Amino acid sequence: MAITLRSSISFIGRVDSNSHKTSDDLPVSMTTLSIADGYNYKAASSCRRLRAVNSSRREVVQRREEGPELLHSLPAAAPHGGGGAAASGVPVYVMLPLDTVSPEGRLQRTRALAASLAALRSAGAEGVMVDVWWGLVERAGPGQYDWGAYEELVRMVDRHGLKLQMVMSFHQCGGNVGDNCRIPLPPWVHEEISRNPDIVYTDRSGRRNPEYISLACDTLPVLRGRTPVQVYSDYMRSFRDRFGGFLGGVIAEIQVGMGPCGELRYPSYPETNGTWRFPGIGEFQCYDKYMKASLRAAGIAAGHEEWGREGPHDAGHYNQFPEDTGFFRREGTWTSDYGRFFLEWYSGQLLEHGDRVLAAAEAVFLGTGTKLSAKVAGIHWHYRTRSHAAELTAGYYNTRNRDGYLPIARMMAKRGAVLNFTCMEMKDEQQPGHAGCSPELLVQQVKQATAAAGAELAGENALERYDEAAYAQVVATSKAAGLSAFTYLRLNKNLFEGENWRHFVGFVKSMREGGRKKGLPKSDTTRSELYVGFITSANKKPELEAAS
């Protein structure tokens, strides 16, 4: 028998109720998943409904609510679902679309989502990751939380036998790499920003960045009588109270957002309005009045009041190269006493912020059985220069002579948090030569830092990749680094297309088996493997129906 998943595979496009086409007017194509199981699942592109039928297509089988349905032979699942990765393997999660929950607080595209979850389960994925947007949940007002859509999602994921990584996303969506929708901070927070623009990060030219509240405000009651850390704590506590029955089970991990893109960093390379372009060095973000006050106090404490008057005057602009600046060039200001003072203060503020927010999360989720994690950006451009300028502007004091990731890993280890790192799929040889990139050396350094600190390391890919070379690089990296988990970016229509899906399934299998198996065969007459065939034109529909 065969399981057939047939759809327009537009899992992220909105549907026009009049034409039944996706918003991006994608051509209709179909993906077939053949699994040795005895049922057929169909997600018809015309009505996008998920049906379960027997092999003769006469009897409709309803999914039981009391537990997940086994789609094909898998290792025993852990309680509350999950693929149950082998002890020697690495569990794979898949990021859901950024707009899984609508601006009105509704779970979107539920039928397509259910079909996608069924496919991921059949492929052996451990689960999915979703952003739990502050801007959506607390949009109605301070302390008014709307968890309805996320509860619906949790129950859906549980029914499919998968697990969840849920991200406490205290940042804005929009303005960075991969952001395909806009989800601002809560409206009432924007009212406070309008009254006091200094509560968001500011660059030397006075540009305000509304992606995330400035860390210099962490302990100041700037959000209607509460500090940002108190607001984050209340939000997480409400989440814990609502989802307590799922924590440690279907909700396997809470990732705590601590900056733009959910990463522990400054917004030093924003893409909004073309402000920054790869591989620019970025700019320091220390010019709101609260950051400047902190810098002044640090200068006085160091016995150099003049050092605390402002940030470096010779650090250049967003799109310059290190050698174009006085600060970042080979023997630039970064090597001076003042440069070391400033960088220690700037990176130290970021570390303290991460520790404060993780301490709040630890207090909320302690004893729930759910892992905590936090994300660090993979800033690999200009890594081969002495100053590592792009890392410095982001807050990572990592240079030719100083390890900037060991202090971060130690802070994570202290709070029992997994360090989640990106760019696991990248190879040095694939990067442009003029950018001084080395993602491989960067990943190796982070691996060594987490090992020295006694912290767990998890990974993500930085860019959408579907090729075998990228998957092979992740597998090799995971074996060398001993990853505790890997989260794949991202669930969309491209993932389910022909060879892309076959490569992904082989990748998941290889990760689960500790990298011993390189992939799946193109065909499988014994039906012991998952076979993916791709049909590119609608006129092949009769053959598909006959096969099913």
Side-chain angles (χ1 to χ4, degrees), residues 96-108 110 113 128-158 164-174 181-194 199-200 210-213 217-218 220-260 262 356-374:
L96 294 182
L98 294 168
D99 63 344
T100 295
V101 175
S102 75
E104 297 75 32
R106 294 192 297 270
L107 188 62
Q108 302 203 91
T110 54
L113 178 58
V128 292
M129 171 182 276
V130 67
D131 287 278
V132 184
W133 295 106
W134 180 30
L136 300 182
V137 173
E138 203 172 353
R139 66 188 183 281
Q144 300 179 47
Y145 306 107
D146 179 8
W147 300 111
Y150 290 103
E151 182 171 0
E152 185 180 353
L153 175 64
V154 170
R155 293 185 183 279
M156 180 186 289
V157 171
D158 194 15
L164 266 166
Q165 297 170 320
M166 302 191 80
V167 186
M168 301 291 103
S169 296
F170 299 118
H171 62 284
Q172 167 187 289
C173 179
C181 64
R182 179 172 171 77
I183 303 172
L185 302 185
W188 62 272
V189 174
H190 274 279
E191 291 176 10
E192 297 306 306
I193 294 172
S194 297
I199 69 174
V200 297
E211 292 183 66
Y212 189 80
I213 301 297
C217 301
D218 277 355
L220 303 175
V222 296
L223 298 178
R224 299 197 181 179
R226 291 186 295 168
T227 71
V229 173
Q230 286 174 332
V231 170
Y232 305 152
S233 295
D234 292 344
Y235 182 91
M236 291 187 286
R237 191 175 298 108
S238 175
F239 176 91
R240 180 201 63 194
D241 294 344
R242 182 65 173 265
F243 296 97
F246 296 100
L247 293 172
V250 63
I251 302 176
E253 181 179 319
I254 299 294
Q255 187 172 114
V256 186
M258 297 189 291
R356 279 192 292 266
V357 178
L358 275 180
E362 184 183 30
V364 170
F365 293 108
L366 187 66
T368 64
T370 301
K371 275 190 176 183
L372 287 181
S373 70

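For clarity, every value in this text was computed on a predicted model and none was experimentally measured. Heavy atoms only: backbone and side chains are in, while hydrogens, waters and symmetry mates are out.
Taking each heavy atom of Ala149 and Gly105 in turn, the nearest pair found is CB-O, 3.3 Å. Residues Gly248 and Thr370 approach most closely at N-OG1, 2.7 Å, considering heavy atoms. A pairwise comparison of heavy atoms in Ala360 and Val229 identifies CB-CG1, 4.2 Å as the closest pair. Heavy-atom minimum distance, Cys217 versus Val222: CB-CG2, 4.0 Å. Val357 and Gly257 get closest at one heavy-atom pair: CG1-O, 4.2 Å. For Leu185 against Gln172, the heavy-atom pair with the smallest separation is CD2-N, 3.6 Å.
At least one side-chain heavy atom of Tyr235 sits less than 4.5 Å from a side-chain heavy atom of Met168. Residues Ile213 and Val189 form a side-chain contact, since some pair of their non-hydrogen atoms from C-beta on lies under 4.5 Å apart. Counting heavy atoms from C-beta outward, Trp133 and Val101 have side chains that stay 4.5 Å or more apart. Side-chain contact check for Thr100 versus Leu107: some heavy-atom pair is nearer than 4.5 Å. By the 4.5 Å heavy-atom criterion applied to side chains, Leu247 and Arg240 are counted as neighbours. Here the side chains of Leu164 and Phe243 are not in contact, with every heavy-atom distance at 4.5 Å or above. Residues Leu153 and Val128 form no side-chain contact, since every pair of their non-hydrogen atoms from C-beta on lies 4.5 Å or further apart. Counting heavy atoms from C-beta on, the side chains of Arg237 and Tyr145 never come closer than 4.5 Å.
Formation of a donor-acceptor pair under 3.5 Å by the Thr227 side chain with backbone atoms of Leu220 is not found in this model. Remark: side-chain polar atoms of His171 are not paired, donor with acceptor, to backbone N or O of Glu211 under 3.5 angstrom. Although no hydrogens or angles enter the test, the distance criterion places no donor-acceptor pair under 3.5 Å between the side chain of Glu253 and the main chain of Gln255. In terms of modelled atom types and a separation under 3.5 Å, the side chain of Ser194 and the main chain of His190 share a donor-acceptor contact.
One distance of note links CG of Asp146 with CZ of Arg139; it measures 4.5 Å at 0.5 Å rounding. The CG atom of Leu358 sits 4.0 Å away from atom CE of Met258, with the distance rounded to the nearest 0.5 Å. The structure places CE of Met129 at 6.0 Å from OG of Ser373, a figure rounded to the nearest 0.5 Å. In this structure, CG in Asp99 is found 14.5 Å from CZ in Arg182, a value given to the nearest 0.5 Å. In this structure, Trp188 CH2 and Leu223 CG are separated by 5.0 Å, a value rounded to the nearest 0.5 Å. To the nearest 0.5 angstrom, Arg356 atom CZ is 12.0 Å from Ser233 atom OG.
No side-chain donor from either of Glu151 and Trp147 sits under 3.5 Å from a side-chain acceptor of the other.
A centroid separation of 6.0 Å or more is found between the aromatic rings of Tyr150 and Phe239.
Salt bridge Glu138/Arg224: absent, no basic N to carboxylate O contact under 4.0 Å.
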So Asp234 and Ser238, side chain to side chain contact (heavy atoms under 4.5 Å, CB included) or not? Walk me through it. CA-CA 6 Å; Asp234 292 344; Ser238 175; over 6 Å; no

